[in-house]
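Everything on this sheet refers to the single structure shown next.
Chain A is the first sequence line, chain B the second, and so forth, proteins listed ahead of strands; every chain is numbered from 1.
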Amino acid sequence: MQMNFPFLNDLNESQRQAVMYSDGPSLVIAGAGSGKTRVLTYKVAYLLQSGMHPTSILALTFTNKAAREMKSRIAQMVGENTARYLWMGTFHSIFSRILRAEAEHIGYSRNYTVYDSADSKSLIKSIIKELKLDEKVYKPSMIQGRISSAKNSLITPHAYAGNAEQQKSDLHAKVPLLREIYAIYCNRCKQADAMDFDDLLLQTNILFRDHPEILQKYQHLFKYILVDEYQDTNFAQYLIVKKLAESHQKICVVGDDAQSIYSFRGANIDNILTFRNTYPGARLFKLEQNYRSTQTIVNAANSLIDKNSAQIRKTIFSKKEKGELLKVTNVYTDLEEGVYVADTIRTLHRKKQYDYQNIAVLYRTNSQSRVLEEALRKQGLPYKIYGGLSFYQRKEIKDVIAYFRLISNHNDEEALKRIINFPARGIGETTVGKLFDCAQTHAVSVWEVMSDMLKYNLPVNAGTAAKLGNFRELIDSFAAQSGELNAYEMAQSIIKATGILSETFLDRSPENLSKQENIQELLKAIHEFCEEKEKAGEGKFYLIDYLAEISLLTDQDTDQNEDNDKVTLMTVHAAKGLEFKVVFIVGMEEELFPSAFCVENARDLEEERRLFYVAITRAEERCFISYARSRFRNGKTAFSNPSRFLKDIDPQYLDYPQEEVIEKPRTIGNWDRELDMERIRFNGISSGYSFRNESSDSAMMPPPRPAKRLTKISPAETGNSTPQKCDAIPAGTFVKHHVFGIGKVISTSVVDGNAKAEIDFGDKGKKSLLLKFAKLEILK
DNA sequence: GTATAAACACTTTTT
DNA sequence: GTGTTTATAC
């Protein structure tokens, strides 16, 4: 097909082929930084250009943000008026939309509530309580996880109870009643007209399974299907896509198996690995040129991911400059790590002219952010943190939204529980307990009980009954207004009439002030929503419309637009899809990265390695990796060894520290020795490093790199106030080390271009220290 | 029923 | 060090 599509010139050969092929199924393996988004956007534009109607194209992304960005780029190419009709969004948002339209077929209403994970956890908790089970055995978060993975694997409660393997596994986990909890949980969700995140996918599958005519309708509607980040799809998503593409097989999935990092959420890397079995005859396109990073970064990342067994082989290459080595730094404590990061950022900013916004600090867990944050703040460096509590998860915001929810769905019991006594109106725990018990025994909703307390024999006194009646009337009066007022007017009316407004205004404490601000922020956001939608001529924007819009938003999606020149702090997961000139990867320690939860299972370990791969490939020019010997964790200081992943990287791409070598190896018992041998065999290192004891880092580090360059020591890089040279401390000098104390220099030498000194620390023993690394104070 | 203090346990990643 | 749950006094 020949047509005028000048944009094709922007693409390289493999990108162009991937864009232009649309006769059948195709798999695009897009290495990190290989222009994946470009291929997707151009492909959609190309389809539109070739005459396909925008409503016929379904494009599924991983985040709302990705969808929004892609949509606006497509709009630039083909015009806003075409782009806006594309079906483009996350699985969750697209299929929640479809579920609203088809809700009646599966016994839900079109205004069904979406329970977030806090809601579902709270519901699980109350079920555990009702069943009089021990919360210490039936841990809500664990139950939630197991139910979630059942749903993601499309195992309904009925199938769950009949599945011998599940039963065995539950018995083994000492939670044989999980199937009861699962069944009750689903009933209660249904009763509340609520779906949790996993339901959005599960119910879509149920809809398509039980209503072939509806499936057919959407098969017919979507003439071409694109899926981004296919490596992170779970079984439920896989099957939805497979069914929709069944008749025409016009499907293109894009992804990178090397960046599959969401298995904990049910993502199955096999979906991408076996794509060509699912879709016989599928064409495979590989995008192997990396346009993002230097050769050194790409090569280092390649050498790391090469250690994984489950992958589609590919050769990622960069034609950019060679660039600097990845710098590995060892510090003593997590606090020191923060100082090191802050110092280095300061130097990079001042000397190398990097903007703060080009720098990111990536960590494995959110809890690591605090020390880093403090270090940056102390030095007056601007930063922003992604993750943690999102705006919509804050208490005060959830409270206000709970009103919205209860008003539009009286059966939303999680919302009701939240606000029945907020602001305090004298309806306490015991009353709420009675209310829920009563609803349970009569198999009706709590709202129904409140509507006719006498009929259901609710055992409360007249005063309490009056309070309950007042609350019900309050919500009812709002509900009566909600058909006339738009979302913004409703929100205003609600916070006024409930007393939320006056309550926050009375108290002038700092925390209340921030609550006030947040509520104002929420009102502002609702106002903007209304204006935008009503301007676009979509009619009045009601409360239910607002709820449908926000229930699937996450903090990833809220724009962080204000003054942009800030260092970014985030988890590696959150960094997926982003890029920065300079990347710091901190906390490269065993039990942290890889996480202690993942070391037992080879599959999990490979995922952790992919996570590290994702982290490294975020960097365009410089990558700094650090690890600490001790770290404050769970209220305790824990010692740690360098991450095993450090020696998965070919040492020729690393600039790593030479640390002190402990001269007298501890006597190693046979058991230790066996363990070490095991580790060495596993890691494929056979050098003289084998018999170090476990706390020695040498066993964990790559073998020394041949002397190549003499790293210039700058104070900022070492944290030293005075650069050390070999001749500064002749034999006989007394020095002070912050760990070993005072010692006497025996001799000095130069090894691999690094100054090294033998120092006798008396009862602490003789140590061989590298001046580049050791912090020595010269005593005169 | 409510407000406060003390005890508790909890931390991987998130649509 | 955090937020959440429980015990205690009012």
Side-chain angles (χ1 to χ4, degrees), chain A residues 60-67 89-96 114-118 120-122 125 129 135-136 139-142 144-145 148 151-152 195-201 228-229 232-234 236-237 260-267 334 362-371 373-374 386-390 392-395 421-433 460-461 463-464 467 511 551-557 570-576 587 591-599 604 607-608 610-612 614-615 631-638:
Chain A
L60 298 165
T61 61
F62 193 67
T63 62
N64 293 304
K65 192 177 157 203
T90 60
F91 273 91
H92 291 86
S93 67
I94 294 286
F95 293 107
S96 77
V114 176
Y115 273 178
D116 68 13
S117 26
S120 80
K121 195 171 188 169
S122 151
K125 263 189 191 172
K129 242 179 219 160
E135 271 202 28
K136 305 235 163 65
K139 287 188 179 140
S141 53
M142 176 253 226
Q144 189 178 26
S148 173
K151 286 190 176 183
N152 284 326
M195 295 199 204
D196 65 17
F197 287 138
D198 304 315
D199 275 327
L200 296 174
L201 306 174
D228 191 13
E229 308 281 13
D232 286 323
T233 51
N234 60 34
Q237 292 167 323
S260 165
I261 55 173
Y262 280 96
S263 75
F264 68 92
R265 221 171 64 194
D334 47 351
L362 308 183
Y363 34 81
R364 179 68 242 269
T365 65
N366 273 311
S367 54
Q368 289 166 261
S369 70
R370 223 192 30 248
V371 238
E373 192 183 357
E374 248 156 55
Y386 282 75
L389 268 196
S390 85
Y392 290 104
Q393 284 175 342
R394 297 205 176 120
K395 262 187 233 98
N421 199 29
F422 173 84
R425 48 175 71 86
I427 304 171
E429 225 175 295
T430 26
T431 309
V432 175
V460 291
N461 60 37
T464 309
K467 287 174 192 164
E511 58 209 52
S551 52
L552 297 170
L553 283 189
T554 64
D555 51 325
Q556 301 285 303
D557 303 312
M570 58 167 90
T571 63
V572 183
H573 280 90
K576 193 175 83 160
E591 313 217 308
L592 182 60
F593 202 166
S595 157
F597 294 81
C598 301
V599 290
D604 291 349
E607 175 150 322
E608 291 282 303
R610 291 193 293 269
L611 193 57
F612 189 27
V614 167
R631 180 173 295 277
F632 198 73
R633 279 222 276 173
N634 307 338
K636 274 194 180 126
T637 303

What is the distance, rounded to the nearest whole Å, between atom [atom1] of [X] and atom [atom2] of [N]?
{"X": "A:I94", "N": "B:dT15", "atom1": "CD1", "atom2": "P", "answer": "17 Å"}
{"X": "A:D116", "N": "B:dT14", "atom1": "CG", "atom2": "C1'", "answer": "12 Å"}
{"X": "A:Y363", "N": "B:dT14", "atom1": "OH", "atom2": "P", "answer": "9 Å"}
{"X": "A:L552", "N": "B:dT15", "atom1": "CG", "atom2": "P", "answer": "11 Å"}
{"X": "A:R425", "N": "B:dA3", "atom1": "CZ", "atom2": "P", "answer": "14 Å"}

Handout entry: Pairwise 5' ranking along DNA chain B for A:E429 and A:T90, keeping only the more 5' one
Key =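 Its nearest nucleotide lies further toward 5', so the answer is A:E429.
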Handout entry: First encountered from the 5' end of DNA chain B, between A:K467 and A:E607
Key =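 Nearest-nucleotide comparison on DNA chain B picks A:K467.
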Practice task
Would you tell me whether A:Q144 and A:S120 have side-chain atoms, one donor and one acceptor, within less than 3.5 Å of each other?
Solution key: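 A donor-acceptor contact under 3.5 Å links the two side chains.
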Exercise for the section: Classify the side-chain pair A:N366/A:S369 by whether it contains a donor and acceptor separated by less than 3.5 Å. Expected result: no
Exercise for the section: Please confirm whether any donor atom in the side chain of A:R633 sits under 3.5 Å from an acceptor in the base of B:dT11, or the reverse. Expected result: no
Handout entry: Pairing of A:R370 and A:E373 as salt bridge, 4.0 angstrom limit
Key =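 A salt bridge is absent here (no side-chain N lies under 4.0 Å from a carboxylate O).
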Under 4.0 Å between any heavy atoms, over every strand shown, what does [X] touch: base, sugar-phosphate, or nothing? Just pick one.
{"X": "A:F91", "value": "nothing"}
{"X": "A:K576", "value": "nothing"}
{"X": "A:S93", "value": "nothing"}
{"X": "A:N421", "value": "sugar-phosphate"}

Practice task
Can you figure out which of C:dT5, B:dG1, B:dT14 approaches the side chain of A:R265 most closely?
Solution key: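 Of the options given, the side chain of A:R265 lies nearest B:dT14.
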Practice task
Anything under 30° is parallel, anything over 60° is perpendicular, the rest tilted; go ahead and classify A:F62 against A:Y262.
Solution key: tilted
